[in-house]
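The chains referred to below are lettered A, B, ... by the order of the sequence lines, with proteins before strands, and numbering in each begins at 1.
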There are 2 protein chains.
Amino acid sequence: MDIHKQFFKSAFSVDSVIFGYDQGDLKVLLIYRGAKPYIGTWALPGDLVKLDEDLDDSARRILFDLTGLSNVFMDQIHTFGKVDRHPLGRVITVAYFSLVKIIDYKLNPSSWAKEAKWHSIVNTPNLPFDHTEILNYAKNKLKERVRHQPIGFELLPKEFTLSDIQNLYESVLEINLDKRNFRKKLLAMSLLIDTGYFQISVAHRPARLYRFDKKKYKSLIQQGFSFEL
Amino acid sequence: MDIHKQFFKSAFSVDSVIFGYDQGDLKVLLIYRGAKPYIGTWALPGDLVKLDEDLDDSARRILFDLTGLSNVFMDQIHTFGKVDRHPLGRVITVAYFSLVKIIDYKLNPSSWAKEAKWHSIVNTPNLPFDHTEILNYAKNKLKERVRHQPIGFELLPKEFTLSDIQNLYESVLEINLDKRNFRKKLLAMSLLIDTGYFQISVAHRPARLYRFDKKKYKSLIQQGFSFEL
DNA sequence: ATTATTTATTGTATTTATTACACGAATCCA
DNA sequence: TGGATTCGTGTAATAAATACAATAAATAAT
């Protein structure tokens, strides 16, 4: 039980599953590893946690270094700790997932990545370490969360159409939804603000643009409201 | 990025929130610490993860050392990693929760605990480290899980009455439930097996005893069934 | 200019699920 | 034998989920 016994033999890292949504497709941001081990493969972005850095800050740092984004939705998923998951030592990793609006994002691959690229979730390459397991875990968590919390909006631009949000739900959940019923349910929550504006330059009837009302959501939550889609 | 840089300065541990249920009360198993730091206080059982031990195995070991129980429901909750959460070094901890049938349990406090005792959840002592935060987190997780997975049965003896399971739900969720509606919903899932037996030696009309049908649950799950109470 | 193409918007009837609610039955104990 | 206690049960009213199709508004093609 002497806590010092183990201090020189192990480490912990953070890995981030960064989701984006674009052109009707759910995407994940992968880096092309420029460092050992598994140099030259696509992988989840991650890094060792610094000694003077809170775990959550570490996840934020990784996201910021890679995308320049802060103030992004982020949540811890799970911690992966099989003995042999890392070839160079005993490293457990805490997985996080983030939801970013791709439109806001600027590529800024950091030292350990030669390149960073969005990959469609339906067609991701094989990943090193236990990253495939982590990614699947993240996809399932996202499915659960999106039904119980209004986090889908984090993936869309500030103004969006009802079809946008429905398509997003269909991509994430991998199901089809009835248009009229989906709208009825969503609008009944009164969490969308009608901007009064419409799409422009589309080759069909333009759709109304809405914004998500975060303030209202927070106040409803205080009153025991629970989001469900 | 050199993974060896950090290997001598940090460690990771597992802490377990072990829930039990007895006489209408939800309980948590705490140990009276016999080792530094925080010697002489009630705390969550936990230990450093051994280098040759998977994270989940570590949680199982802690539970087994303390209670002699294995094959118990157990799930990871969250990882806590504030820089200063441990006074002797940088230690992140992965929290697990377990559900045990108190009746099965035999006390077997291990080396680091002078004593282990069930504490009613409504009246727990102040806990060291960030254990109060962990316990609250675990209580909330339990509330969520119990509504979406049939894990309440893990806290009851193999045979139980409908009132037992209702009382358990009321304790965990901290709400009151309507007797007729609760039974209707529960029985409609056809997941309970009527044993044909009744309570004996109770000073009132004896209740039917049921068992939870784990096999049926698993097969229903395959078919897309989703548990909800 | 007319027509074709595409996507947006809207309501109702049916089915299913949730809620609210009260009294006789079975056992032990005094 | 009467009192105390918990068990077991059904129905009516309300709310939520589902299934379903025709018209509107824009651009593109002719």
Got [X] and [Y] here, is their nearest side-chain heavy-atom distance under 4.5 Å?
X        : Y        : result
A:Leu191 : A:Phe225 : yes
B:Trp42  : B:Lys117 : yes
B:Thr132 : B:Thr124 : no
B:Ile62  : B:Ile18  : no

* Measure the acute angle between the ring planes of B:Tyr38 and B:Phe129, then classify it against the limits of 30° and 60° as parallel, tilted or perpendicular. =>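 Rings of B:Tyr38 and B:Phe129: perpendicular, as their planes differ by over 60°.
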* Asked: Can you tell me if the side-chain N/O atoms of B:Ser163 get under 4.0 Å from OP1 or OP2 in D:dC7?
  ->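 True: B:Ser163 side-chain N/O within range (under 4.0 Å) of D:dC7 OP1/OP2.
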* To do: Flag the pair A:Lys141 and A:Asp75 as a salt bridge only when some basic side-chain nitrogen lies within less than 4.0 angstrom of an acidic carboxylate oxygen.
  =>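 Salt bridge: no.
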* To do: Determine, for B:Glu154 against B:Lys214, whether the closest basic-nitrogen to carboxylate-oxygen distance falls under 4.0 angstrom.
  =>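 Looking at B:Lys214 together with B:Glu154, the answer is yes, because their closest N to O distance falls below 4.0 Å.
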* **B:Arg205 CZ - D:dT5 C1' separation (whole Å)** =>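 The distance from CZ of B:Arg205 to C1' of D:dT5 comes to 12 Å, rounded to the nearest Å.
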* To do: Write down the distance between CD (B:Glu228) and C1' (D:dA16), rounded to a whole number of angstrom.
  =>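 Between C1' of D:dA16 and CD of B:Glu228: 14 Å.
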* Select from A:Ala203 and A:Phe198 the residue whose nearest nucleotide in DNA chain C is closer to the 5' end of that strand. =>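 Nearest-nucleotide comparison on DNA chain C picks A:Ala203.
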* Residues of residues 176-191 of chain A with any non-hydrogen atom less than 4.0 angstrom from an atom of DNA chain C: list those, numerically ordered, please. =>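 Under 4.0 Å from DNA chain C: A:Lys179, A:Arg180, A:Arg183, A:Lys184.
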* Does A:Phe198 CZ have over 12 foreign heavy atoms under 6.0 Å away? ->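 Enclosed: over 12 neighbouring heavy atoms sit under 6.0 Å from CZ of A:Phe198.
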* Asked: First and last nucleotide of DNA chain C in contact with chain B, 5' to 3', at under 4.0 Å to a heavy atom: what are they?
  ->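 So the outermost contacting nucleotides come out as C:dT18 to C:dC28.
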